[in-house]
Structures are given as structure tokens and as C-alpha cells.
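Below: one structure, written as C-alpha cells.
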Number of protein chains: 2
Amino acid sequence: MPSSTVEQYIKIIYTQQEHLGRSVVPMKRLSEAMGVTPGTATTMVKHLDDVKLVSYHPRQGVLLTTKGENLALRMLRRHRLIETFLEQVLGYDWSEVHTDAERLEHAVSDRFIDKLEQYLGYPDVDPHGDPIPSSSGSIESAISVPLNACGADRRVRIVRLLDDDPEFLVCMKSYLIFPGQEFILKNSSAITGTVTLEHSDTLKPVTIGYDAAGRILVSER
Amino acid sequence: MPSSTVEQYIKIIYTQQEHLGRSVVPMKRLSEAMGVTPGTATTMVKHLDDVKLVSYHPRQGVLLTTKGENLALRMLRRHRLIETFLEQVLGYDWSEVHTDAERLEHAVSDRFIDKLEQYLGYPDVDPHGDPIPSSSGSIESAISVPLNACGADRRVRIVRLLDDDPEFLVCMKSYLIFPGQEFILKNSSAITGTVTLEHSDTLKPVTIGYDAAGRILVSER
DNA sequence: GCTACGTATTTGACTAGTCAAAATATAGTA
DNA sequence: TACTATATTTTGACTAGTCAAATACGTAGC
């Protein structure tokens with residue numbers, strides 16, 4: 001049974017790997033994401049390699065094994081189901097959800113998670129639009145593109161926000177930018193580095209920066 | 001912020017103190033209830049004394065301070081609200097509830113517990129009939145007496161079961177002995193060491209041992 | 001080919017919690 | 001009072017996870 005520290009490392013390595021386009025995660029990156037010193041990360045990663053959860057490439061970085069990936073998906077499943085519960089059932093605010101879920105996910109049993117999933121009606125995405133892995137470990141995300149890669153004058157529907165930062169999320173929510181909402185993409189300029197949207201119901205215009213738009217996935221229609 | 005180990009010790013000391021009629025808890029008792037060696041318990045208790053959660057009387061035992069009692073009540077509150085949730089909302093079986101609650105109670109925030117309490121509709125007892133302390137730390141139990149201290153031919157209502165052992169609970173449940181159920185006390189004999197009950201609806205008779213009956217609290221009517 | 005800089009690793013030390021086993025105190029009994 | 005059984009405490013050692021600081025690589029630029 002992996003300790004909650006191990007679980008946390010594996011989850012972070014998974015998300016960093018995703019972030020980096022499936023290549024090795026360097027120690028600096030990992031240690032920063034974990035909030036520990038680089039030496040600590042090295043020590044831990046060697047241990048993770050011993051138990052075959054990652055493959056460690058000295059002086060280069062680390063990569064999840066299949067076993068590690070399975071654990072990561074189990075953690076993601078827990079995290080996302082718990083987030084959904086906190087938001088939809090207990091009425092948490094978006095900004096509060098993440099920290100509490102982070103602590104709970106290491107304390108729940110498989111039985112708990114399976115019953116919770118049933119109670120929530122088998123949702124396939126969490127409140128941020130992140131897909132929830134099934135109990136067998138399969139995960140499928142809806143077809144979507146980053147908002148900064150869309151053509152102008154398109155009608156788009158927000159699918160997912162790729163960020164856990166509460167500040168970012170609260171800000172986006174205040175612009176009604178959250179999964180399910182629809183907008184018209186008025187303008188997207190690489191030169192000014194901005195994207196302008198208009199909410200399809202309220203017609204209220206919003207302008208956001210290019211890199212923020214990169215963290216917003218939408219489906220075009 | 002106390003560690004979950006500290007939280008666990010404090011909770012156990014509280015319940016042992018209750019069990020023992022508010023006198024000092026000896027190390028042997030504590031170490032057995034915690035599942036650690038006596039030496040470990042001594043070391044820990046000294047530390048708990050340092051941080052003023054207990055007062056440690058060498059070679060005699062340990063007693064909670066007011067600070068320790070407050071922490072114990074906060075833990076009991078968490079435990080009982082979580083148990084209620086697992087049983088009533090997620091549909092856990094009585095026998096499964098305890099272990100999962102034990103792990104969760106150290107991982108939840110005060111915000112979580114307060115929202116959960118609200119969601120559950122501010123229950124005042126958990127599924128075993130144990131009273132749930134309020135967020136301010138007050139606790140009040142319904143008037144009740146142990147079943148083995150009742151006179152015969154009385155109509156009694158089960159109020160509370162003073163035991164966490166899943167086996168005991170499942171067995172009692174199979175006899176319909178759980179909070180809210182009503183029985184007629186047919187016979188109570190100190191000589192044979194048995195108590196015989198008859199369920200007031202089904203009229204089915206049940207005979208249980210004297211010490212088991214001591215762990216069943218009822219209200220007479 | 002050499003140097004400098006940034007990243008990675010190693011080392012030694014620390015904390016919390018634990019155990020096994022030796023040492024000590026207490027209380028009951030003869 | 002002396003002895004014994006039992007509870008308690010002490011000691012030394014171990015694990016998981018961490019940090020700070022010294023050290024070692026590797027590569028980009030000269």
C-alpha cells in the first residue's frame with residue numbers, strides 16, 4: 001500500500017508529464033511542484049524506481065511506469081470525484097475545493113470512492129471539466145482545442161480549464177468562463193496577445209491574455 | 001496543528017476515560033486500545049503532557065486536560081458526523097462504517113465538517129445513537145440506562161449501543177437491536193446472567209448476555 | 001578543449017513515531 | 001519483611017520523509 005506521500009509524488013509526476021508533452025520530468029520541476037528541495041525529490045524518486053512506480057534516468061528526469069500510471073489515474077479519479085462532491089453536494093466555492101480534496105484523496109478507501117461515484121450519478125467530468133477516470137482506469141476526454149488556437153467568429157463551448165490555481169478559477173468564473181458556457185469568439189490576435197469573447201446569452205464581452213486562453217479548452221460548433 | 005497520531009491518542013484517552021468512570025487511564029489500557037507497545041504509549045503521553053493536552057501521572061496513568069477534552073470532542077464530532085454520512089447517504093453497511101470513518105476524520109477540515117453537518121440536517125446522534133458534539137463543543141446525551149439495570153416487564157426503547165466492534169453491531173442489528181427500536185423486557189436475571197427481550201412489533205424474543213446488555217442503553221417508558 | 005553556470009546528487013543531521021528488550025517500581029502475598 | 005508478579009519506564013535502534021550544504025555533472029560559449 002503506497003503512503004500518501006508516494007501517492008502525491010505519483011500524481012504530480014503524472015500531471016507534470018502531461019504538461020511537458022509526455023517527456024521525462026526533470027528533478028527541478030518535480031521538486032518545485034512538490035514543494036520540497038531537489039535533494040529530497042532525488043531520494044524519493046530513487047525509491048519510487050525501486051518499487052517500479054517510475055523509471056528514473058539519472059541527471060535527466062523521471063517517467064511513470066504503467067504501474068505508476070495506474071496509481072496516478074486512481075488518484076486523479078479520487079481527486080476529481082471528491083471535488084465534484086464538495087462542489088455539487090456540500091456547496092463549496094470553486095476556490096475552496098482544491099485544498100480540501102487534496103487532503104481527502106489520500107484518506108478514502110476504494111469502497112468510499114465507488115459509493116460516492118454512484119451517489120453522484122457517475123459523472124464523467126469534474127467541475128473544472130477534467131475527465132474522471134473509471135474504476136477500471138480508463139479515461140476519455142471530450143474533443144477540444146485550446147481557446148487560443150481557434151479561428152475568429154466561431155461559436156465555442158467551454159469544455160475544460162487546465163489550471164488548479166484558485167485565483168485563476170475564481171476570476172474565470174466571474175467572467176462566466178466555466179464548463180458548459182457558450183461564447184462567440186470575436187477576436188484572437190497573436191500580435192496584441194489577447195482573445196476577445198462574447199457570452200452568447202448575456203452578450204457581455206471579455207478579453208483575456210493569450211496564455212490564459214491556452215489553459216481554456218473549448219469545442220467549436 | 002496536532003498530527004493525526006496525536007488526534008487518535010486523544011480520542012482514545014477520552015473514550016477510555018469515559019469507560020473507566022472519569023479516572024486516570026493506565027498505560028496498559030491505553031497501549032492496548034491504541035495497538036502499540038506500552039513503551040510507545042509512555043513516550044507519546046509524555047509528549048502530550050508537554051503540549052498540555054493531558055496531565056501525566058507517572059506509574060499511574062493519564063487524564064485529559066480541558067484542552068485535550070476539547071480536541072477529543074472535536075474528533076468525536078468528526079467521527080460521528082462522518083459515520084452518519086457513510087451510513088445514511090452513501091449506504092454503507094453498519095459493519096463497514098467505523099474503519100473508513102477512522103481514516104477520514106483525520107483528513108477533513110472544519111469547513112468540511114460544518115458543511116456536512118448542514119447537509120445532514122444537524123442530526124444529534126449518529127447511527128449507533130452516540131450524541132454528536134456541536135461545533136462549539138457541547139454534547140448532550142438523552143436520558144438512558146443500561147439494559148441490564150432495568151426492571152422486568154418494562155417497555156424500553158433502544159437509545160444507544162456502546163461498542164464499536166463491527167461483529168457486535170452486526171449481530172445486534174440482526175436482532176433489530178438498534179436505536180429507535182422498541183422492546184418489552186421480559187426477564188432479567190443476574191443469576192443466569194441473561195436478559196430476554198421481545199420486539200414490540202414482531203414479538204420475536206431475543207436473549208442476550210448480561211455484559212452485552214450493559215453496552216445497550218435504553219429509555220424506559 | 002576548457003571554463004562557468006545551472007542542474008543533480010550525495011551526505012549528514014533532524015523529527016515523528018514506532019518496537020524490542022532491559023531495567024525499575026509497585027502492590028499483593030506469604 | 002521479603003519475594004514475586006505485573007505494570008511501567010528507559011534505552012537503543014529502526015523507518016519514512018525531510019532540509020542544508022557540499023559536491024559532481026554536463027553543456028553552452030569561448
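Being a predicted model, the structure only gives us computed values, none of them experimental. Below, chain A is the first sequence line, B the second, and so on; all start at residue 1.
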Taking atom types as modelled, find out whether [X] and [Y] have a side-chain donor-acceptor pair closer than 3.5 angstrom.
| X | Y | value |
| --- | --- | --- |
| B/E102 | B/Q8 | yes |
| B/D100 | A/S109 | yes |
| A/T37 | A/T40 | yes |
| A/S144 | A/S219 | no |

Roughly how many Å is it from [atom1] in [X] to [atom2] in [N], rounded to a whole number?
| X | N | atom1 | atom2 | value |
| --- | --- | --- | --- | --- |
| B/I10 | C/dG17 | CD1 | P | 12 Å |
| A/E32 | C/dG6 | CD | C1' | 13 Å |
| B/Q8 | C/dA16 | CD | P | 19 Å |
| A/L30 | C/dA8 | CG | C1' | 12 Å |

A/S3 has its side chain closest, among D/dT9, D/dA24, D/dG17, to D/dG17
Comparing nearest nucleotides in DNA chain D, the 5'-proximal residue of the pair A/R59, B/T42 is B/T42
Note: contacts of residues 46-57 of chain B with DNA chain D (heavy atom, under 4.0 Å) are B/K46, B/Y56
Original post:
Between B/K46 and B/Y56, is NZ or CZ placed under 6.0 angstrom from the six-membered ring centre and within 45° of the ring axis?
Top reply: no
When you measure from the side chain of B/T65 to the backbone N and O of B/L53, does any donor-acceptor pair fall under 3.5 Å?
yes
Residue set satisfying salt bridge (Lys or Arg N to Asp or Glu O under 4.0 Å) with A/D124, at least two apart, ordered chain then number -> none
Show the distances under 3.5 angstrom between N or O atoms of the protein and N or O atoms of nucleotides 18-20 of chain C.
residue	atom	partner	partner atom	Å
C/dT18	OP2	B/Y9	OH	3.2
C/dC19	OP2	B/T37	N	3.0
C/dC19	OP2	B/T37	OG1	3.2
C/dC19	OP2	B/T40	OG1	2.8

Salt bridge (charged side-chain N to carboxylate O under 4.0 Å, His left out) test vs B/E105 passes for just one of B/R80, B/R77, B/K11, B/R78, namely B/K11
